[in-house]
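Given the structure is predicted, the values throughout are model-derived calculations rather than measurements. Throughout, protein chains are lettered first and strands after them, A, B, ... in sequence-line order, and every chain is numbered starting at 1.
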Amino acid sequence: MVGTGLLFAGCKVPTFGEYSGATTQARSELHLWQLFFIAGLVVGGFVLLLILWAVFRYRRRSDEIPKQTQYHTLLEVSYTIVPILIVLGLFVFTVLSENKVDATPPRPAALIHVYAFQWGWEFSYPGGVKVIGQTTQDPTMVIPTGTDVQIDLKSLDVLHGFYVPEFNFSRYASPGYTTSFDFNALHTGDFRGQCTQLCGLYHSLMFFNVRAVTPAQYTTWLRTEQALVKAKPSSVPKLPSGVSGATGGTGSSTNNAGSDLYGD
Amino acid sequence: MTDVTDVTHTSDVLAPTTPDTGHEDLPDLHAPPGAGHGPEGDHAAHGHEDHGPTGILKWLTSTDHKVIGLSYMITSLILFYMAGIMALFIRLQLASPHSSLLTFGQYNELFTMHGSLMLYLFAGPFAFGGLANYVVPLQVGAPDMAFPRLNALSYWLYLTGSITMMGGFLVAGGAASFGWVAYAPLSSVQSSPGIGGDVWIMALVLTGFSAIFTGVNLVATIFYLRAPGMTMFRMPIFTWNMLVTGILILIAFPVLTSALVMLFCDRHFGTHIFTVSGCQTVTGATHFLSNGHLYPVACGSPLLWQNLFWFFGHPEVYILALPFFGIVTEVLPVFSRRPVFGYKGMVFATMAIAALSTGVWAHHMFTTGAVLLPFFSLLSLLIAVPTGIKFFNWIGTMWHGQLTFNTPMLFCIGFLLAFLMGGVTGIMLASPPIDFATHDTYFVVAHFHQVLVGTAVFAGFAGVYYWYPKMFGRMLDDTLGKWHFWLLFIGFWVTFMPQYVVGLRGMPRRVASYPSDLGWQSWNIVSTVGGFVIALSFAFLLWNFWKSWRHPIPAGDNPWDAHTLEWFTTSPPPHHNYTHLPPIRSERPTWDYNHPDAIVVPHGPHAEAVARARSKEPVG
């Protein structure tokens with residue numbers, strides 16, 4: 001990815017509809033997307049021109065029967081070899097990007113357990129801090145910027161999809177096993193998330209939010225909430241104050257009573 | 001393929017029998033069926049046909065591959081229209097963010113049934129049960145399929161399965177609503193308790209067996225019932241593709257059928273093959289004691305369902321694509337008046353696609369976090385290579401040709417453009433990081449609709465317009481056909497291009513409502529308008545059928561000056577297809593017969609010898 005990363009950092013390449021990405025992983029995906037998009041434009045455009053040329057140039061002009069040639073070995077070999085080379089090139093960049101996107105460093109700065117359920121989310125932090133929300137009130141996951149945040153994702157019932165568009169990333173939440181991935185948020189901000197895997201009746205309403213705050217804000221918030229939970233286990237976490245036009249402190253968490261229903 | 005002896009032999013045979021070497025494009029329409037094929041033709045044809053019942057009884061009892069093929073096509077077309085109407089409801093619902101047209105439950109039922117009908121009951125059966133059933137025996141010069149009664153059983157299982165599937169709407173709790181992929185554990189009895197799910201499973205078991213039987217029949221017919229002279233490398237590409245499709249059916253469908261039986265056991269017999277919760281022994285215990293330790297009862301794996309389903313599902317994608325590639329490879333040469341460019345490369349590309357398609361299933365599971373990404377990514381990317389070869393072969397076929405743009409040809413051009421777009425976005429999705437960003441969004445929806453509409457609809461209806469004259473002895477109206485094409489073509493791009501955009505902006509698939517502040521609505525409205533343009537285009541197809549029924553335009557035996565064997569017999573063909581066969585010396589027996597002086601330019605190591613031999617041949 002380094003090569004394309006530098007290449008695309010140097011000149012301003014449009015994002016071609018993709019989000020520019022709010023995490024380092026998302027940036028890596030964006031560069032790969034740009035590469036594939038340009039490759040697609042070039043190859044697809046070339047084939048399109050050939051098709052259009054054939055269609056317009058070789059319209060029937062007489063009743064003469066055209067030459068009945070069927071094979072051209074050199075041509076056939078080249079249109080086999082060249083695509084193989086293109087594909088292998090794309091594969092190399094895919095693996096480079098994939099290794100970045102998929103890496104989970106051994107000691108993440110924050111570890112958040114995410115449990116998906118019909119139809120909502122539970123974000124579980126160390127020290128018993130839990131943010132839970134479902135269709136009527138979206139939960140918000142608080143993460144620090146600039147460090148590795150590991151998410152351990154699992155479902156409590158059916159399959160769900162954990163998807164944050166601006167992170168250019170999604171992952172199934174499945175019952176039966178836990179899957180882990182990493183975020184490294186580039187800047188503070190609020191990002192919307194949604195379930196992408198059909199999970200029953202209210203699949204359409206299974207939203208959540210991610211709020212990225214500075215590491216200092218994150219630590220303060222987590223310590224406060226941990227202390228509150230210690231003093232009064234049923235206390236509901238409050239969100240850290242908003243950044244970049246967020247809606248405010250108390251918005252998106254519901255009562256903790258729900259957590260016992262679903263368990264861990 | 002043609003060696004020295006073949007070619008000289010051909011011209012010896014052809015010289016005395018060819019009626020006129022300056023054969024016109026359209027044969028004499030006033031001639032009785034079978035004329036020009038020898039005097040004994042008519043006798044034999046009528047001798048066979050007059051036995052047996054007629055009318056509805058004929059349809060019910062027939063084992064003729066042509067009757068069964070037509071039944072398949074008509075049934076699958078009806079299901080196609082039904083699934084299309086469901087799509088219109090889906091599009092109407094999405095035209096506004098919080099539409100109250102459908103409830104969430106109804107919406108889930110509709111997209112589940114739309115997908116199930118289109119994929120299981122239309123695209124596949126239409127191709128291998130319908131067109132292939134009709135055309136393959138004709139193309140290889142066989143009197144029928146290898147196992148005619150098994151063929152009939154296939155159709156009746158398919159019809160029963162289809163009615164069962166539609167019956168889902170009538171049962172308490174409504175039709176299945178877990179998506180056409182029925183991911184566990186949403187498809188478990190706890191999460192989807194209604195009978196709709198069971199009806200859906202039953203329907204697919206029935207149609208699964210039907211597909212397996214058709215696969216057996218196709219493979220056996222192509223291997224064993226080819227006419228003398230029809231060597232493997234003289235088979236038309238459509239037949240080649242159906243052979244490979246048949247083999248893929250035999251690989252893929254048993255996996256689906258057995259997975260469905262397992263799912264049914266999970267739902268009703270207390271097994272836990274695909275579920276992880278509530279596992280217990282027969283005595284009801286959730287843990288068991290062994291060596292002094294208490295262990296939980298082993299549970300099933302939802303991931304296993306995905307593995308089994310996609311081990312069927314990805315070959316299925318090519319079961320749905322290869323027949324249509326075959327159609328395009330029949331139509332393009334005929335309307336370019338050229339042989340298939342790179343015939344053998346085309347055959348090997350088909351085989352390569354089939355082989356690769358059995359090793360790419362987990363690219364549907366990149367976001368599970370539980371599959372080996374580089375392996376499945378590389379194999380998926382590699383499929384682009386044989387597919388690219390096919391594209392270049394198609395272009396090479398048109399190159400230097402004399403192209404005419406009758407309706408079948410237009411549909412093939414539509415296919416090329418649609419499939420090009422679907423293919424390019426497919427390569428993007430084969431890359432796991434890009435798949436992570438777009439999985440289960442409308443980007444994927446747009447991608448597979450462009451692929452499947454490209455194949456099953458553009459190429460599929462190219463096949464309908466192309467072979468209709470053979471099936472009924474009547475032409476379809478070319479003007480109405482062009483209306484159909486252009487409306488479909490415009491509607492197609494207007495419907496699916498906006499879906500790429502909303503997909504990249506984060507709109508997930510299978511949602512009945514969406515936030516109104518994200519700018520998705522305008523794109524969705526455009527898409528909905530496109531959907532209705534597509535629907536309008538299919539009204540022209542019905543009009544065309546009606547017109548050919550009420551005001552027939554006789555087609556003659558070979559209206560397109562086509563290449564392959566089926567155009568040598570009458571339209572429609574007699575009971576056992578042929579009363580008379582031309583010499584088969586290449587993959588274009590009918591063309592060779594009608595244009596003895598325009599055979600394929602010799603090539604390969606023997607080219608010179610072939611050319612020398614031809615220069616000495618007597619002029620007919």
Side-chain angles (χ1 to χ4, degrees), chain A residues 17-18 28-29 32-33 36 40 43-44 47-48 50-51 54-55 58-62 64-71 76 79-80 83-84 87 90-91 94-95 97-98 101-102 157-159 161 163 165 168-172 174-177 179 181 194 196-204, chain B residues 104-105 179 183 185-186 191 276 301-303 337-339 341-343 345 367-369 373-374 377-378 381-382 384-385 388-389 391-392 395 398-404 413 416 420 424 427-428 431-434 436-437 439-441 501 504 506 508 510-513 595 598-601 603:
Chain A
E18 184 67 291
S28 178
E29 190 280 338
L32 189 68
W33 161 259
F36 269 68
V43 177
V47 177
L48 178 67
L50 288 181
I51 294 172
V55 165
Y58 299 112
R59 301 175 66 88
R60 188 164 187 169
R61 287 162 189 213
S62 69
E64 195 187 327
I65 292 178
K67 204 175 178 202
Q68 302 293 300
T69 46
Q70 191 167 33
Y71 291 96
E76 289 176 77
Y79 66 55
T80 309
I84 290 179
V87 157
L90 291 176
F91 178 67
T94 293
V95 171
S97 167
E98 175 181 293
V101 172
D102 222 28
D157 38 53
V158 301
L159 275 184
Y163 173 50
N168 292 339
F169 187 82
S170 70
R171 180 64 64 87
Y172 283 175
S174 177
Y177 70 94
T179 167
F181 51 88
Q194 188 168 1
T196 47
Q197 179 57 44
L198 174 67
C199 55
L201 199 56
Y202 295 107
H203 163 59
S204 314
Chain B
F104 283 7
Y183 269 6
L186 182 64
S191 300
V276 288
S301 157
L303 209 60
R337 312 196 81 194
R338 299 235 310 138
F341 182 77
Y343 171 92
T367 63
T368 57
L373 299 178
S377 163
L378 178 62
L381 285 168
L382 277 178
V385 176
I389 292 176
F391 259 100
F392 291 119
I395 294 166
M398 293 192 286
W399 213 260
H400 291 309
Q402 293 270 17
L403 275 62
T404 40
I413 306 291
L416 288 178
L420 178 63
V424 166
I427 292 168
M428 296 171 177
S431 179
I434 297 176
F436 291 167
H439 189 81
D440 272 336
T441 69
V501 181
L504 287 173
R510 295 170 173 154
V511 290
S513 74
H595 305 276
I599 62 168
V600 168
V601 174
H603 56 88

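- Counted by atom type alone, A/Ser204 and B/Arg510 present zero donor-acceptor pairs between their side chains at under 3.5 Å.
- Between A/Ile51 atom CD1 and B/Trp399 atom CH2 the span is 10.5 Å, to the nearest 0.5 Å.
- Proximity to chain A (any heavy atom under 4.5 Å) is restricted, for B/Ile413, to the side chain, taken from C-beta onward.
- In terms of heavy-atom pairs under 4.5 Å with chain B, the best-connected choice from A/Leu90, A/Leu48, A/Val55, A/Val43 is A/Val55.
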* I would like to know whether A/Tyr172 and B/His439 meet side chain to side chain contact (heavy atoms under 4.5 Å, CB included); could you show each step before the answer? => CA-CA 10 Å; A/Tyr172 283 175; B/His439 189 81; 2.7 Å; yes
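- With a 4.5 angstrom heavy-atom cutoff, A/Pro165 touches chain B only via side-chain atoms.
- With contacts defined as side-chain heavy-atom distances shorter than 4.5 Å, the pair B/Gln402/A/Arg59 does not qualify.
- The parts of B/Pro339 that come within reach of chain A are both its backbone and its side chain, each placing non-hydrogen atoms under 4.5 angstrom from that chain.
- No side-chain heavy atom of B/Met398 sits under 4.5 Å from any side-chain heavy atom of A/Tyr58.
- Looking only at atom types and distance, the side chain of B/Ser377 has no donor-acceptor partner in the side chain of A/Glu98 under 3.5 Å away.
- Atoms CG and OG, on A/Leu159 and B/Ser191 in that order, are 10.0 Å from each other to the nearest 0.5 Å.
- Of all the listed residues (B/Val385, B/Val424, B/Leu303, B/Leu416), the one sharing the greatest number of non-hydrogen pairs under 4.5 Å with chain A is B/Val385.
- Note that CG of B/Leu378 and OG1 of A/Thr94 are 9.5 Å apart. Values are rounded to the nearest 0.5 Å.
- The two residues B/Tyr183 and A/Gln197 come nearest to each other via the heavy atoms CD2-NE2, 3.3 Å.
- With chain A as partner, the option from B/Gly388, B/Ser513, B/Gly105 having the largest number of non-hydrogen pairs under 4.5 angstrom is B/Ser513.
- Separating the OG1 atom in B/Thr368 from the CZ atom in A/Arg171 is a distance of 7.5 Å, to the nearest 0.5 Å.
- When each of A/Gly176, A/Gly161, A/Ser174, A/Pro175 is scored by its heavy-atom pairs under 4.5 Å with chain B, the top score falls to A/Pro175.
- Heavy-atom distances place both the backbone and the side chain of A/Glu18 under 4.5 Å from chain B.
- With contacts defined as side-chain heavy-atom distances shorter than 4.5 Å, the pair A/Arg60/B/Leu403 does not qualify.
- Sparse packing is recorded around OH of A/Tyr202, with 12 or fewer heavy atoms of other residues, nucleotides or ligands lying under 6.0 Å away.
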* Asked: Taking it one step at a time, do B/Leu504 and A/Trp33 satisfy side chain to side chain contact (heavy atoms under 4.5 Å, CB included)?
  -> CA-CA 11 Å; B/Leu504 287 173; A/Trp33 161 259; 3.7 Å; yes
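- Chain B forms the most heavy-atom pairs under 4.5 Å with one residue out of A/Leu50, A/Thr179, A/Val101, and that residue is A/Leu50.
- Within the 4.5 Å cutoff, the side chain of A/Phe91 has no heavy atoms near those of the B/Ser431 side chain.
- At least one side-chain heavy atom of B/Leu382 sits under 4.5 Å from a side-chain heavy atom of A/Val87.
- With a 4.5 Å cut-off on non-hydrogen atoms, B/Phe391 touches chain A through its side chain but not through its backbone.
- Using a 4.5 Å cut-off between heavy atoms, B/Ile389 contacts chain A through both its backbone and its side chain.
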* To do: Decide yes or no on side chain to side chain contact (heavy atoms under 4.5 Å, CB included) for A/Asp102 and B/Phe436, but give the supporting numbers first.
  => CA-CA 10 Å; A/Asp102 222 28; B/Phe436 291 167; 4.0 Å; yes
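- Interatomic distance, A/Gln194 CD to B/Thr441 OG1, rounded to the nearest 0.5 Å: 11.0 Å.
- For a residue to count as touching a neighbouring chain, one of its non-hydrogen atoms must lie under 4.5 Å from one of that chain's; by this rule A/Tyr163 touches chain B with the side chain only.
- Atom CD of A/Gln68 and atom CD1 of B/Ile599 lie 9.5 Å apart (nearest 0.5 Å).
- Contacts with chain A were tallied for B/Leu186, B/Thr367, B/Ile427; B/Thr367 has the most, counting heavy-atom pairs under 4.5 Å.
- Within the 4.5 Å cutoff, the side chain of B/Ile434 has heavy atoms near those of the A/Glu29 side chain.
- Contact annotation for B/Ser301: neither backbone nor side-chain heavy atoms come within less than 4.5 Å of a heavy atom of chain A.
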* To do: Under the side chain to side chain contact (heavy atoms under 4.5 Å, CB included) rule, what do B/Val511 and A/Leu198 come out as? Steps first, then yes or no, please.
  => CA-CA 8 Å; B/Val511 290; A/Leu198 174 67; over 6 Å; no
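- Residue B/Ala384 touches chain A through its side chain alone, counting heavy-atom pairs closer than 4.5 Å.
- Side-chain contact between A/Tyr71 and B/Tyr343: present, with at least one pair of heavy atoms (C-beta onward) separated by less than 4.5 Å.
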